[in-house]
J.: 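Here it is, the structure in full.
A quick note: this is a predicted structure, and the numbers were derived from the prediction, not measured.
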Amino acid sequence: MEPTMGPVQAAADGPYSFSSQPRSLPSRPKYREQSSAAETEKVRYGNIMIDPRVVRGNVLSARPPPPQSTEPLTLEVKRQKRAQKHTQARRLTQEQIRPGTPEPVEGRVHVHVQTELYLEEISDRIIEVDGECQTDEFLDRPPTPLFIPAKSGKDVATQIEKGELFDFDIEVKPILEVLVGKTVEQALLEVMEEEELSQLWSHQRAFAELRNAEFAELQRLEEQDRRIREEKERRRLEHLEKLRKQKETAEKIAARAFAQRYLADLIPSVFNNLHDSGFFYDPIERDIETEFLPWLMSEVEEELQKKVLGRTMLDSLIRMVVETRLDEFSRPPPAAQTKGPAEEPGATDAAPKMSGEEDAADQPAAEKEETDQPGAEEEPSDSS
């Protein structure tokens, strides 16, 4: 194991460099073979979304180091994972072995207490402190001096006499000819351009005048056409309105004639029906039927009730008297009253006589009431 782990550790500590055992290259044809469609479909391309070589996230932040080859790092990664698992297992074992706080007694609860040397206030709100810092103002950068290359080589001078290299009269002649020719040519071009512009302006003025005249004639024709159309439309509307009024007048005349012919016999029949239904009545007769007759009937009814009440009371009084005398006559006479039999019968005879007189007086009164009642009943019938 040691010879195997040595190169891996050296590769992990130092910079990465590719190395492999020397081998001979396999022989391959000069040109690629044409692959069939089935072989092309079998080729699986890699997904850049899971490729660790593709950088994701903010491109401005510090980029992670480029991933090294997966083959030499496989053993290193396995070893690191194994060491992490061993460390976690050891930590869990120590936590399980460490004795915990015993359970609190009944009625008490464990509370977290600060055991440090300096106590600090515990609060849910995070303490915030504002800090300020003043920096110096940036000074303007001085202007960059002109670049003057360093002098190199040697200075050499040459003496030239007057007239050796340049004769003004000879050299200026072609230049002057060119300048005068160009000036004259430019002046001629400008004159021609001005004449052409003046001709163009004259043509534009003539065209504008012609266009304005045509436009005015077009407006006049359009206005004339508009007036003709408006007049035609107004005449058409007037004719339609005249026809409508004639039709409406004819319909009104026909309706009036039909209404007169229809209502000739309608009004008498309506009045007859209303008269038969009771809408037209004599006010005196209606007043008698609605006011006098109900009052008369109520008065007669009250009078009859009074007579019936008096008769009922009289009957009750007679019945009481008869019952009282019947009770007296049904009792046996006492011994003290047997001695005067002549006087008692007289009294007894007087009693029946009084009862007979009361009956005789009651009978004419009853007959009078009976004679009065039909008369009272006949009055409403006569009045009705």
Side-chain angles (χ1 to χ4, degrees), residues 106-107 247-384:
E106 185 178 358
K247 183 179 178 181
E248 184 177 357
T249 305
E251 290 179 354
K252 287 182 178 180
I253 294 172
R256 184 173 180 276
F258 176 75
Q260 288 179 355
R261 188 168 53 255
Y262 180 75
L263 297 176
D265 299 332
L266 181 62
I267 296 176
S269 62
V270 169
F271 277 103
N272 293 332
N273 292 332
L274 293 175
H275 188 273
D276 295 339
S277 300
F279 287 96
F280 298 105
Y281 54 84
D282 188 5
I284 299 175
E285 184 178 356
R286 175 59 63 89
D287 191 11
I288 292 173
E289 291 178 355
T290 56
E291 301 292 337
F292 178 72
L293 289 180
W295 173 80
L296 182 61
M297 293 298 294
S298 61
E299 293 294 331
V300 171
E301 187 177 357
E302 290 179 1
E303 190 68 24
L304 292 176
Q305 287 180 358
K306 291 179 181 179
K307 290 182 178 181
V308 171
L309 179 61
R311 186 180 298 176
T312 304
M313 294 178 64
L314 183 59
D315 291 343
S316 61
L317 291 175
I318 294 171
R319 187 180 296 107
M320 290 174 59
V321 171
V322 172
E323 289 177 357
T324 304
R325 290 186 178 181
L326 182 59
D327 291 339
E328 292 178 356
F329 286 129
S330 61
R331 295 176 185 174
Q337 294 179 1
T338 55
K339 295 180 180 181
E343 296 178 357
E344 288 295 332
T348 54
D349 292 340
K353 185 177 182 181
M354 291 176 63
S355 63
E357 291 178 355
E358 292 177 359
D359 293 338
D362 189 12
Q363 186 174 0
E367 291 177 356
K368 185 178 180 181
E369 290 177 359
E370 290 177 357
T371 55
D372 295 339
Q373 184 174 1
E377 294 177 355
E378 290 176 357
E379 286 180 2
S381 61
D382 294 340
S383 62
S384 62

J.: Quick check for you: to the nearest 0.5 Å, what is the distance between Phe258 atom CZ and Leu263 atom CG?
T.: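 Interatomic distance, Phe258 CZ to Leu263 CG, rounded to 0.5 Å: 9.0 Å.
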J.: Would you confirm whether Ser316, through its side chain, and Met313, through its main-chain N or O, come within 3.5 Å as a donor-acceptor pair?
T.: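 Side chain of Ser316 to backbone of Met313, a donor-acceptor pair under 3.5 Å: yes, one is there.
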J.: Tabulate below the donor-acceptor pairs under 3.5 Å that side-chain atoms of residues 290-297 make, not counting sequence neighbours, or state none.
T.:
unit_1 : atom_1 : unit_2 : atom_2 : d
Thr290 : OG1    : Arg286 : O      : 2.6
Trp295 : NE1    : Glu299 : OE2    : 3.4

J.: Determine, for Lys306 against Glu302, whether the closest basic-nitrogen to carboxylate-oxygen distance falls under 4.0 angstrom.
T.: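 No, Lys306 and Glu302 are not salt-bridged.
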J.: Look up atom CD in Glu323 and atom CD1 in Ile318, then write down how far apart they are to the nearest 0.5 Å.
T.: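 One gets 12.0 Å once the value is rounded to the nearest 0.5 Å.
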J.: Are there more than 12 heavy atoms of other residues, nucleotides or ligands under 6.0 Å from atom CG of Asp327?
T.: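 For Asp327, atom CG is crowded (more than 12 foreign heavy atoms under 6.0 Å).
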J.: Between Asp287 and Pro283 (side chain of the first, backbone of the second, donor and acceptor by atom type, cut-off under 3.5 Å), is there such a pair?
T.: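 Checked: no pair found.
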J.: Using a 4.5 Å cut-off on heavy atoms from C-beta on, say whether the side chain of Arg311 contacts that of Lys307.
T.: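 No, every pair of side-chain atoms sits at 4.5 Å or beyond.
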J.: Got a second to check how far Thr249's OG1 is from Arg256's CZ, nearest 0.5 Å?
T.: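 If we round to the nearest 0.5 Å, Thr249:OG1 and Arg256:CZ are 13.0 Å apart.
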J.: Would you say Leu309 has more than 12 foreign heavy atoms packed within less than 6.0 Å of its CG?
T.: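 Enclosed: over 12 neighbouring heavy atoms sit under 6.0 Å from CG of Leu309.
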